[in-house]
Amino acid sequence: MNSHKRRSFLRKTLLGGVAITSLPFLSKGERSFVPPLATGSPPDWKQVRSQFPLTTVKTYLNTASLGPSPQVVIDTISNTIQDLEEQATTGRKISYATHEALGTLLNTAPENIAVTRNATEGANIAARSLPLQVGDEVILTDQEHVGGASPWLALQQQLGIKIKLVALDLTGKTNVQRIKSAISTNTKAIAFSHVACTNGMVIPAREIAKVCQAKGIFCCIDGAQALGMYPIDLEDIQPDFYYGSGHKWLFGPKGTGVLYINPNTMNRIQPSYVGAYSDSVFDLENLHQEYRQVAQREEYGTRNTGITLGLGAAVNFVQTVGMDALVKHQRELVAQLREGVASLPGVKIFSPSHPDFSSAIFTFRIEGHEYREVQSRLNGEQRLYVRGIYEANLNALRVSCALFNSEQEIDLLVNSLNTIVRG
Ligand SMILES: Cc1ncc(COP(=O)(O)O)c(C=O)c1O
């Protein structure tokens with residue numbers, strides 16, 4: 001591709017809709033070129049699938065663990081790295097296009113967002129930023145991922161805070177009530193997943209955030225499974241912290257995450273780590289410093305602009321497909337899967353059926369079959385990839401229905417399960 005074409009390629013695919021005044025870097029090599037994703041309603045799902053270099057040899061139904069990237073993300077990373085290395089510069093300024101894109105996706109101002117390494121880093125930053133002391137209580141749920149729960153457990157060991165674990169209702173219906181009932185006068189924070197990694201249940205984030213606001217409790221939301229899979233409006237939810245992964249349902253680069261900090265929370269917290277770009281005043285001579293009052297202060301020091309811009313390209317990819325369209329597509333696949341799985345003997349379904357609480361994740365167990373046995377047969381015989389769920393003792397299989405998955409793949413899965421169960 002010549003440099004003119006490449007410039008427009010970058011503008012269209014990476015920065016779509018984002019105002020940026022100059023793009024100083026042009027590289028010589030273009031590794032590959034997939035025709036840009038067509039806009040259209042409804043999207044052409046085959047064309048969406050063709051954007052992913054993901055092998056056709058396997059049927060990948062595990063986006064909740066790791067989302068494969070479309071070609072535009074891979075190209076953006078490698079082109080950006082090439083460009084920046086040629087110029088020996090960090091490209092920090094151009095990386096803010098990603099914050100703009102994330103701000104639009106999540107309905108918040110770009111400076112309220114920091115790009116992190118993963119969701120776990122966001123959870124750690126939240127946990128370490130709060131003014132917690134011995135005896136303070138933090139509420140967690142029994143459906144948390146290790147990455148969302150471990151930073152709080154560490155504070156229990158290191159600071160002497162108390163963790164209260166709330167058992168969630170897997171139908172989704174009574175969870176707000178359950179969490180509310182666990183609050184005591186010592187509760188200082190509630191940390192929960194927006195979409196549970198175990199069964200894909202949606203937890204009403206706005207309602208819980210409202211309870212937190214009314215009681216002066218910090219609301220910390222783990223959006224690792226929601227980001228890119230489910231519409232998120234942070235202006236509406238108003239949590240104190242919201243963190244997620246770039247590498248799951250956003251199909252972004254591995255080693256990227258997103259952290260939102262509410263601007264109204266800034267004066268109640270301390271930054272966890274600090275460095276260049278965290279400070280508003282840095283006076284070494286007088287041993288004095290002050291911090292910027294925005295989430296972006298968490299991006300201290302030199303960063304990897306290649307993957308940050310790759311994350312921006314991923315956000316624009318998802319936005320081009322469209323949140324409404326992808327939610328509808330995912331729901332149709334889950335409905336097809338639910339129907340197919342329900343016809344199998346001895347099946348126990350763990351994912352809620354109510355549309356307010358269901359998502360693109362579907363979890364079930366086949367009684368009398370260890371999840372590991374079914375998982376390894378699907379894997380070995382059909383090259384079907386799903387995740388086993390040992391968490392919360394579910395002994396179940398989790399299927400992720402992402403925007404690149406098809407009806408044919410769900411049919412293949414149901415037929416294979418049929419053979420395993422009946423065969
Ligand atoms: C709910 C939840 N939180 C946190 C994580 C950890 O994500 P990361 O690898 O981005 O830190 C996961 C990963 O599956 C998850 O499902």
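Whatever order the structure lists ligands and atoms in, that order sets their numbers, starting from 1.
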Original post:
Is there a side-chain contact between Gln382 and Thr59, using heavy atoms and a 4.5 Å cut-off?
Top reply: no
**OP:** Please list, chain by chain and in numerical order, all residues satisfying side-chain contact (heavy atoms from CB on, under 4.5 Å) with Thr256, sequence neighbours excluded.
**Re:** Pro253, Ile307, Leu311
Subject >> Residues in the immediate environment of ligand 1 (any heavy atom closer than 4.0 angstrom) >> reply: Ala64, Asn118, Ala119, Thr120, His145, Ser193, Cys197, Asp222, Ala224, Gln225, Ser245, His247, Lys248
Original post:
By salt bridge (Lys or Arg N to Asp or Glu O under 4.0 Å), which residues pair with Glu299, not counting sequence neighbours?
Top reply: none
Original post:
Checking Arg303 against Tyr277: charged group under 6.0 Å from the ring centre and within 45 degrees of the axis?
Top reply: no
Original post:
Rounded to the nearest 0.5 Å, what separation is found between the CG atom of Leu155 and the CG atom of Leu132?
Top reply: 6.5 Å
Original post:
Could you give all pairs that pass the side-chain hydrogen bond (donor to acceptor under 3.5 Å, both in side chains) test and reach residues 346-356, with sequence neighbours left out?
Top reply: none
